[in-house]
Amino acid sequence: MTDFSPKSEFLRVMFERGYVHQCSDFAGLDALAAKREIVAYVGYDCTARSLHIGSLVSIMMLAWLQRTGNTPITLMGGGTTQIGDPSFKDEARKLLSLDEIEINKAGIREVFAKVLRFGEAPGEARMIDNAEWLTRLLYLPFLRDVGRHFSVNRMMTMESVRQRFEREQEFSFLEFNYMLLQSYDFVELARRHGCNLQMGGSDQWGNIVTGIDLGRRMGTHQLYALTCPLITTASGAKMGKTAQGAVWLNADMLSPYEYWQFWRNTEDADVGRFLRLFTFLPLDEIARLAALGGAEINEAKKVLATEATALMHGREAAEAAAETARRTFEEGRAASDLPGIDVPAAELATGLGVLAAFVRAGLVASNGEARRQVQAGGLRVNDRVVTDPARVLTAADATEAGAIKLSFGKKKHVLIRPV
RNA sequence: GGGGGAAUGUCCCGAGCGGCAAAGGGGGCGGACUGUAAAUCCGCUGGCUAUGCCUUCGUAGGUUCGAGUCCUACUUCCCCCA
């Protein structure tokens with residue numbers, strides 16, 4: 001794989017930027033890409049109201065695919081989500097109701113229009129839902145047409161599920177069918193839309209090549225697999241976890257400001273790699289930024305944060321987030337567009353306990369935690385460390401900007417606005 | 001079908017001779033040092049109207065002044081024999 005030098009622009013970008021983990025046939029895929037004839041899909045199950053940055057690598061792959069003249073398909077898993085992918089899972093996830101799936105699907109759809117151009121013409125992206133065909137399958141015909149091509153023996157030896165069997169953990173027949181459905185999706189997309197490539201995370205390798213196999217047995221054109229590596233941070237942690245949980249892509253789940261902050265806090269050693277994976281900046285520019293040493297690397301992190309945020313939330317929101325961060329961290333002022341909560345003026349008039357205020361702002365989970373943080377010196381009001389847990393906030397604490405700034409640690413700030 | 005073991009702080013692992021808000025890790029959070037980084041060191045890591053009160057150890061009962069700890073039944077999981 002390392003000595004392969006691609007002729008097509010698409011594969012060249014994939015290699016240069018670090019998107020490639022495994023491919024079923026580099027040369028074959030390269031030939032298709034050179035003719036700009038790739039029609040590639042990535043499937044997204046509707047397990048939450050928004051995708052998180054775990055899905056971002058594959059979204060970027062689709063974006064590059066389109067930018068290099070090929071055709072992307074985003075497949076919503078309206079059908080497969082009703083089953084749940086067992087790959088590399090310790091236990092079955094709980095079944096989602098059809099209503100939940102619909103809500104999630106609606107939330108997830110939004111993100112793709114930001115990096116892909118949709119339409120009907122060649123080279124324009126399609127959005128398809130596998131519920132379209134999966135919900136209409138008839139059991140016996142499906143078993144006879146598709147099921148007969150699957151070897152249970154072989155499926156049980158697949159890496160993605162082997163642990164489940166080895167540990168003798170429950171593996172339901174429902175889950176067992178996921179692989180059949182995903183494989184069938186690939187065939188269906190090949191037939192309906194001329195799809196010839198499925199991309200995804202490295203954990204999807206088994207499911208994807210099984211689909212290629214099914215295609216061959218069911219007489220489609222040649223299908224291909226291309227997977228990207230699972231992204232971890234330089235210090236080995238799974239990427240995309242914050243105190244609040246996952247790093248969501250939708251603004252209603254995680255504000256652009258917080259999203260910007262996530263990227264801003266990237267480890268030094270990851271800056272170059274993340275710039276290549278998560279921005280469209282040219283490689284020479286990235287090389288220059290990644291070469292910055294010592295404190296100067298912070299400039300590169302700001303570029304990363306702003307570019308990555310602009311991709312998901314728009315240039316304007318990204319610049320605003322950058323500016324808020326600059327005022328907050330570099331000037332130590334209370335930028336007015338920090339996250340904030342409204343508190344009735346009447347309540348402030350009678351006095352609001354600091355502990356309760358921090359809980360209300362969502363910075364700490366309980367009064368008890370707030371109390372402990374006071375002892376640790378982790379809470380500040382208008383940049384002054386809180387030392388007295390009995391302290392009461394009143395309207396007099398509002399600064400000239402008209403708000404009270406609560407800080408938890410060095411990085412989390414919330415404004416209390418009297419209304 | 002028979003025999004033996006296990007379920008602990010709702011993030012995970014895990015100690016716990018009847019006095020336990022319950023050892024120790026990991027993870028997470030805060031503080032110090034830095035550069036909003038990493039590494040390192042220190043602290044915290046049930047709730048509350050808080051020198052006290054309330055709720056936690058698979059579920060439901062029982063013994064006891066007092067139960068995570070003992071007894072009974074049930075649930076789930078693991079191991080051995082058949």
Side-chain angles (χ1 to χ4, degrees), chain A residues 89-94 163-172 232-247 257-275 289-306 308-309 321-335 338-339 350-381 383-392 405-414:
Chain A
K89 301 282 192 319
D90 283 341
E91 51 189 35
R93 82 174 71 184
K94 92 174 167 55
Q163 280 212 327
R164 282 282 276 281
F165 289 108
E166 278 174 2
R167 294 184 191 165
E168 299 187 44
Q169 279 155 328
E170 172 76 9
F171 195 102
S172 72
T232 55
T233 66
S235 43
K238 236 188 257 177
M239 191 187 165
K241 291 286 181 189
T242 68
Q244 284 71 38
V247 179
Y257 169 77
E258 290 168 296
Y259 191 74
W260 193 94
Q261 283 297 321
F262 168 77
W263 293 105
R264 173 65 182 83
N265 285 298
T266 296
E267 294 178 26
D268 287 8
D270 288 327
V271 172
R273 191 162 54 105
F274 286 3
L275 279 166
L289 288 168
L292 294 173
E296 287 194 329
I297 192 87
N298 283 326
E299 291 310 310
K301 292 185 189 180
K302 289 179 203 167
V303 173
L304 170 64
T306 301
T309 305
E323 177 58 15
T324 299
R326 193 184 66 77
R327 283 214 291 266
T328 305
F329 289 96
E330 293 176 26
E331 295 181 5
R333 292 197 285 132
L338 277 172
T350 57
L352 178 61
V354 249
L355 303 182
F358 273 88
V359 174
R360 187 90 80 88
L363 287 167
V364 295
S366 67
N367 264 354
E369 189 189 349
R371 199 176 292 273
R372 287 191 293 271
Q373 286 301 339
V374 168
Q375 286 184 330
L379 302 187
R380 279 167 297 146
V381 171
D383 299 311
R384 282 239 179 70
V385 175
V386 177
T387 51
D388 176 15
R391 160 112 196 253
V392 172
K405 179 177 162 194
L406 304 185
S407 307
F408 174 43
K410 295 229 165 17
K411 299 182 187 177
K412 279 158 284 186
H413 311 279
V414 171

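Chain letters run A, B, ... following the sequence lines, proteins first, then strands; residues in each count from 1.
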Please lay out, stage by stage, how Leu355(A) and Val374(A) fare under the test side chain to side chain contact (heavy atoms under 4.5 Å, CB included).
CA-CA 9 Å; Leu355(A) 303 182; Val374(A) 168; 4.0 Å; yes

Nearest whole Å is fine: how far is G30(B) P from Leu355(A) CG?
17 Å

Side chain of Asp268(A): nearest nucleotide among G35(B), A32(B), U36(B)?
G35(B)

Could you tell me how far apart Tyr257(A) (OH) and U36(B) (P) are, to the nearest whole angstrom?
13 Å

Using the C1' atom as the point on both nucleotides, what is the distance between U59(B) and A7(B), in whole Å?
11 Å

Nucleotide U36(B), atom P - distance to CD of Glu296(A) in whole Å:
14 Å

Name the nucleic acid region contacted by Trp260(A), choosing base, sugar-phosphate or nothing; use a 4.0 angstrom heavy-atom cut-off, strictly under.
base

side-chain N/O Lys412(A) vs U36(B) OP1/OP2, d < 4.0 Å
no

Evaluate the side chain to side chain contact (heavy atoms under 4.5 Å, CB included) criterion for residues Asp383(A) and Lys405(A): first the C-alpha distance (whole Å), next the side-chain angles of each, then the deciding distance (0.1 Å), finally the verdict.
CA-CA 7 Å; Asp383(A) 299 311; Lys405(A) 179 177 162 194; 3.2 Å; yes

Nucleotide forming a Watson-Crick or wobble pair with A15(B), both distances under 3.5 Å:
none

Take Ala295(A) and Leu379(A), find for each the nucleotide of RNA chain B with the closest heavy atom, and name the residue whose nucleotide sits nearer the 5' end.
Leu379(A)

Watson-Crick/G-U partner (both atom distances under 3.5 Å) of C44(B):
G28(B)

Suppose you measure atom C1' in G16(B) against the same atom in G68(B); what distance do you get, rounded to whole Å?
8 Å

Verdict with reasoning, Glu369(A) to Arg372(A), per salt bridge (Lys or Arg N to Asp or Glu O under 4.0 Å):
CA-CA 5 Å; Glu369(A) 189 189 349; Arg372(A) 287 191 293 271; 5.6 Å; no

Given Asn265(A), Asp268(A), Asp270(A), the one that forms side-chain hydrogen bond (donor to acceptor under 3.5 Å, both in side chains) with Lys301(A)
Asp268(A)

When the C1' atoms of C57(B) and G46(B) are compared, how many Å lie between them, rounded to an integer?
13 Å

Nearest whole Å is fine: how far is G30(B) C1' from Gln375(A) CD?
12 Å

Need the pair for G1(B). Rule: Watson-Crick or G-U wobble, both distances under 3.5 Å, any strand; none if unpaired.
C81(B)

Looking only at atom P, what distance separates C71(B) and G4(B), rounded to whole Å?
13 Å

Rounded distance in Å between the C1' positions of U56(B) and A21(B):
8 Å

Under 3.5 Å on both distances, the Watson-Crick or G-U partner of U55(B):
none

By the 4.0 Å heavy-atom rule, please label Ile297(A) as base, sugar-phosphate, or nothing.
base

Between G61(B) and A82(B), how far apart are the C1' atoms? Round to whole Å, please.
34 Å

What's the CG-P distance between Asp270(A) and A39(B), to the nearest Å?
11 Å

Between Tyr257(A) and His413(A) (judged by ring centroids, cut-off 6.0 Å), do the two rings come close enough to count as a pair?
no

Rounded interatomic separation in angstrom, taking CD from Gln373(A) and P from C44(B)
12 Å

For A67(B) versus A60(B), give the span between their P atoms, rounded off to a whole number of Å.
15 Å

Are OP1 or OP2 of C33(B) and a side-chain N or O of Lys410(A) less than 4.0 angstrom apart?
no

Could you tell me how far apart Phe408(A) (CZ) and U36(B) (P) are, to the nearest whole angstrom?
19 Å

With both distances under 3.5 Å as the test, what is the Watson-Crick or G-U wobble partner of U72(B)?
A60(B)

Verdict with reasoning, Leu379(A) to Leu406(A), per side chain to side chain contact (heavy atoms under 4.5 Å, CB included):
CA-CA 7 Å; Leu379(A) 302 187; Leu406(A) 304 185; over 6 Å; no

Quick one: label Gln261(A) by what it contacts on the DNA or RNA (base, sugar-phosphate, nothing), any heavy atom closer than 4.0 Å.
base

Nearest atoms (heavy-atom pairs only) where Thr387(A) meets Pro389(A)
O-CD, 3.5 Å

Salt-bridged, Glu323(A) to Arg326(A), with N to O below 4.0 Å?
yes

Short side-chain to backbone donor-acceptor contact, Arg391(A) and Gly353(A), under 3.5 Å
no

Side-chain donor/acceptor of Thr266(A) to backbone N/O of Trp263(A), under 3.5 Å
yes

When both hydrogen-bonding distances must be under 3.5 Å and the geometry is Watson-Crick or G-U wobble, what is A67(B) paired with, if anything?
none

Between Glu299(A) (CD) and A37(B) (C1'), how many Å, whole number?
14 Å

With the criterion being N/O to N/O and under 3.5 Å, what pairs connect the protein with nucleotides 45-48 of chain B, and how long is each?
residue, atom, partner, partner atom, Å
G47(B), OP1, Ser366(A), OG, 2.9
G47(B), OP2, Arg372(A), NH1, 3.3
C48(B), OP1, Asn367(A), N, 3.3
C48(B), OP2, Gly368(A), N, 2.9

Under 3.5 Å on both distances, the Watson-Crick or G-U partner of C33(B):
none

What interatomic distance, in whole Å, is found between P of G43(B) and the corresponding atom of G26(B)?
13 Å

In terms of base orientation, is C20(B) syn or anti, with the syn window spanning 90° either side of 0?
syn

